[in-house]
Amino acid sequence: MADSVSTADLARWMHAFAELVTEHKDNLTALDAAIGDGDHGANMDRGMRAGIAAIDEAAPDTPRALFTKLGMTVVSTVGGASGPLFGTLFLRLGSALGDSTEVSPTELAAALRAGLDGVVARGKAEPGDKTMLDALAPAVTALESAAAAGTSRSEALQLALSAAEQGRDATTPMLARKGRASYLGERSVGHQDPGATSAALLLAAAVRAPL
Ligand code: ADP
Ligand code: MG
């Protein structure tokens with residue numbers, strides 16, 4: 001990855017994420033209806049709509065201000081597990097990026113790693129537990145490798161998206177060990193995880209924005 005990104009670029013990424021969540025709301029709900037309680041689409045859509053409204057109003061001028069506002073709004077508007085988890089991801093992104101107005105590829109990858117660590121600390125899930133981590137973790141690793149190799153930004157984001165989508169697809173045969181889906185035991189096998197599907201949309205949004 002070559003270029004740095006600004007707070008405005010990061011805000012466009014979050015707008016694109018909110019748009020994708022709205023577009024995929026029914027699918028996210030259907031996935032959650034199969035192995036959960038059928039609210040994941042509504043949860044993510046409500047949280048991101050409120051988050052976008054909050055950042056549009058506040059017009060944050062640093063990554064910290066942007067992601068802190070977004071994360072706090074998501075946490076306070078979403079009752080389900082995904083609210084605190086995605087909220088934590090955003091809050092950690094904000095802390096890690098701080099007041100850097102020119103975010104380098106390495107900083108972005110490191111911030112996403114910090115966000116991922118925050119989700120792990122909060123949810124206590126591990127890779128293979130059939131959660132959002134299964135899409136997010138491979139994407140962060142792909143981004144770190146691309147940043148270290150000096151890959152162009154568009155190619156790096158595409159690689160991260162592919163890793164997230166593969167991780168998402170790999171949740172289908174997994175047995176859920178965390179969250180509501182874990183209550184189903186063996187019956188969770190054969191269904192794609194809704195949170196991993198949302199997490200892949202976060203990377204799709206970076207490609208769409210483009211970040
Ligand atoms: P709820 O399960 O409370 O109804 P959602 O339906 O919005 O919340 O979100 C469900 C998603 O949250 C799951 O598909 C899974 O990816 C993710 N999830 C649940 N528990 C955890 C956890 N402990 N760690 C990471 N992700 C989790
Ligand atoms: Mg649910």
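Numbering of ligands and ligand atoms starts at 1, following listing order. The figures here come from the full heavy-atom set of this structure, side chains too, leaving out hydrogens, waters and symmetry mates. Here the structure is a predicted model, which means the values were calculated and not measured.
Of the listed options G79, A81, G41, A81 places a heavy atom closest to atom 12 (O) of ligand 1. Counting heavy atoms only, G195 comes closest to atom 11 (C) of ligand 1 of the residues P84, G195, A125.
Between the W13 side chain and the R208 main chain, no donor and acceptor come within less than 3.5 Å of each other. Of the possible donor and acceptor atoms, one in the side chain of R46 sits under 3.5 Å from a partner among the backbone N and O of T77. Side-chain atoms of K130 come within 3.5 Å of backbone atoms of T172 as a donor-acceptor pair (strictly under, hydrogens ignored). Remark: the backbone N or O of E126 is paired with a side-chain donor or acceptor of D129 at under 3.5 angstrom.
Within the 4.0 Å heavy-atom shell around ligand 1 one finds D193. No heavy atom of K124 sits closer than 4.0 Å to any atom of ligand 1.
No hydrogens or angles considered: a donor-acceptor pair under 3.5 Å links the side chains of S6 and D9.
Atoms of ligand 1 found under 4.0 Å from any heavy atom of R180 (numbered from 1 in listed order, with element): 1 (P), 2 (O), 3 (O), 4 (O). Residue-ligand proximity, D37 to ligand 1, at heavy-atom distances under 4.0 Å covers atoms 4 (O). Residue D39 approaches ligand 1 through these ligand atoms, each under 4.0 Å from one of its heavy atoms: 4 (O), 5 (P), 6 (O). With ligand atoms numbered from 1 in the order given, ligand 1 contributes 23 (N) to contacts under 4.0 Å with heavy atoms of K178. Set against the non-hydrogen atoms of G179, the atoms of ligand 1 under 4.0 Å away are 19 (C), 20 (N). Each of the following atoms of ligand 1 lies closer than 4.0 Å to a heavy atom of P194: 14 (O). The distance from ligand 1 to the heavy atoms of D32 drops below 4.0 Å at these ligand atoms: 6 (O). Using a 4.0 Å cut-off to heavy atoms of G80, the atoms of ligand 1 that qualify are 3 (O), 8 (O).
Of all N, O or S atoms in D37, the one lying closest to the Mg ion (ligand 2) is OD1.
Ion pairing between R180 and D37 holds under the 4.0 Å rule for side-chain N and carboxylate O. A salt bridge is absent between R12 and E19: the closest approach of a Lys/Arg side-chain nitrogen to an acidic carboxylate oxygen does not fall below 4.0 angstrom.
More than 12 heavy-atom neighbours from other residues, nucleotides or ligands sit within 6.0 angstrom of CD on E102.
The protein non-hydrogen atom at the shortest distance from atom 23 (N) of ligand 1 is G123 O, 2.8 Å. From the protein, the heavy atom lying nearest to atom 7 (O) of ligand 1 is S82 OG, 2.6 Å. Here the protein heavy atom with the shortest distance to atom 9 (O) of ligand 1 is H40 ND1, 3.2 Å.
Residue-level proximity to ligand 1 for L85 is carried by the side chain, the only part with a heavy atom below 4.0 angstrom. With a heavy-atom cut-off of 4.0 Å, T131 touches ligand 1 through backbone and side chain alike.
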Please test D134 against T171 for side-chain hydrogen bond (donor to acceptor under 3.5 Å, both in side chains), starting from the C-alpha separation and ending with a verdict. CA-CA 7 Å; D134 291 306; T171 62; over 6 Å; no

Evaluate the criterion side-chain hydrogen bond (donor to acceptor under 3.5 Å, both in side chains) for residue pair H40 and S198; output intermediate values, then yes/no. CA-CA 9 Å; H40 188 62; S198 297; 2.6 Å; yes

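Nearest heavy atoms, F90 versus F67: O-CB, 3.1 Å. Looking at every heavy atom in both residues, A160 comes nearest to L143 through CB-CD1, 3.9 Å.
With the Mg ion (ligand 2) as the vertex, OD1 (D39) and OD2 (D32) define an angle of 90°, rounded to 10°.
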